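A quick write-up on the structure given underneath.
Note that these values count all heavy atoms, side chains included, but never hydrogens, waters or copies made by symmetry. Keep in mind the model is a prediction, meaning the values are calculated, not measured.
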Amino acid sequence: QVQVVESGGGLVQAGGSLRLSCAASGGTISSYVMGWFRQTQGKERAFVAAIHWSGGYTYYADSVKGRFTISRDNAKKMVYLQMNSLKPEDTAVYYCAADGVVRSTFRAEDFGFWGQGIQVTVSS
């Protein structure tokens with residue numbers, strides 16, 4: 001059983017930066033794919049970024065490519081989402097999630113372990 005806990009959200013002005021952190025524990029973390037998703041009211045959770053824990057391959061949604069960076073610290077079992085050049089449309093609840101299967105797509109329903117979510121608000 002994998003547990004993930006997010007931290008680091010908050011309020012920031014447009015153009016600013018935030019770094020989200022995700023602490024992972026339990027399970028065989030080294031074989032997992034870690035992802036960040038976001039959700040706004042009335043909408044489904046949307047893929048933001050993902051990283052293979054082993055190998056460090058990274059994937060991004062087109063809407064955040066070039067602005068967000070996902071990374072991991074193997075020793076600390078931490079995954080990070082560095083968010084730069086934030087826009088009001090990035091406002092959402094952000095979730096860290098873990099998937100025990102390496103896939104070619106990143107659908108929320110494939111990720112079996114989720115954090116509680118953390119609010120990110122970008123003011124204009």
Closest approach of [X] and [Y], non-hydrogen atoms and distance?
| X | Y | result |
| --- | --- | --- |
| Asn84 | Ser17 | OD1-OG, 2.9 Å |
| Met34 | Cys96 | CE-SG, 3.9 Å |
| Arg67 | Leu86 | NH1-CA, 3.9 Å |
| Leu11 | Ser123 | CD1-CB, 4.3 Å |
| Ala98 | Val2 | CB-CG1, 4.1 Å |
| Asp73 | Lys76 | OD1-N, 3.0 Å |

When rounded to the nearest 0.5 angstrom, what is the spacing between [atom1] in [X] and [atom2] in [Y]?
| X | Y | atom1 | atom2 | answer |
| --- | --- | --- | --- | --- |
| Leu81 | Ile118 | CG | CD1 | 11.5 Å |
| Tyr95 | Cys22 | OH | SG | 13.5 Å |
| Ser31 | His52 | OG | NE2 | 11.5 Å |
| Thr69 | Met83 | OG1 | CE | 11.0 Å |
| Phe68 | Leu20 | CZ | CG | 8.0 Å |

So, [X] side chain and [Y] main chain: donor-acceptor pair closer than 3.5 Å or not?
| X | Y | result |
| --- | --- | --- |
| Thr40 | Ala92 | no |
| Gln3 | Gln1 | yes |
| Gln82 | Arg19 | no |

In Arg38, Gln39, Arg45, the residue satisfying side chain to side chain donor-acceptor pair (under 3.5 Å) with Tyr94 is Arg38
- request: Indicate yes or no: does Asp90 engage Lys87 in a salt bridge with an N to O separation below 4.0 Å.
  value: no
Any chain of hydrophobic side-chain contacts (each under 4.5 Å) joining [X] to [Y]?
| X | Y | result |
| --- | --- | --- |
| Val64 | Trp36 | yes |
| Val33 | Tyr59 | yes |
| Trp53 | Phe113 | yes |
| Phe106 | Ile51 | no |
| Met78 | Tyr32 | no |

Residue set satisfying side chain to side chain donor-acceptor pair (under 3.5 Å) with Asp110, at least two apart, ordered chain then number -> Arg107
State, with a plain yes or no, whether a side-chain heavy atom of Val79 is found less than 4.5 Å away from one of Ile70. yes
Query - Verdict with reasoning, Phe37 to Phe111, per ring pair (Phe, Tyr, Trp, His ring centres under 6.0 Å) - result: CA-CA 10 Å; Phe37 289 77; Phe111 283 72; 5.0 Å; yes
**Asked** Yes or no on side-chain contact (heavy atoms from CB on, under 4.5 Å) for Gln119 and Thr121, after CA distance, side-chain angles and deciding distance?
**Response** CA-CA 6 Å; Gln119 179 70 46; Thr121 302; 3.3 Å; yes
**Prompt:** Take atom CD in Gln116; do more than 12 heavy atoms of anything else shown fall under 6.0 Å from it?
**Reply:**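 More than 12 heavy atoms, drawn from other residues, nucleotides or ligands, come within 6.0 Å of this atom.
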Should we say atom CD of Gln13 is surrounded by more than 12 heavy atoms from elsewhere, each under 6.0 Å from it? no
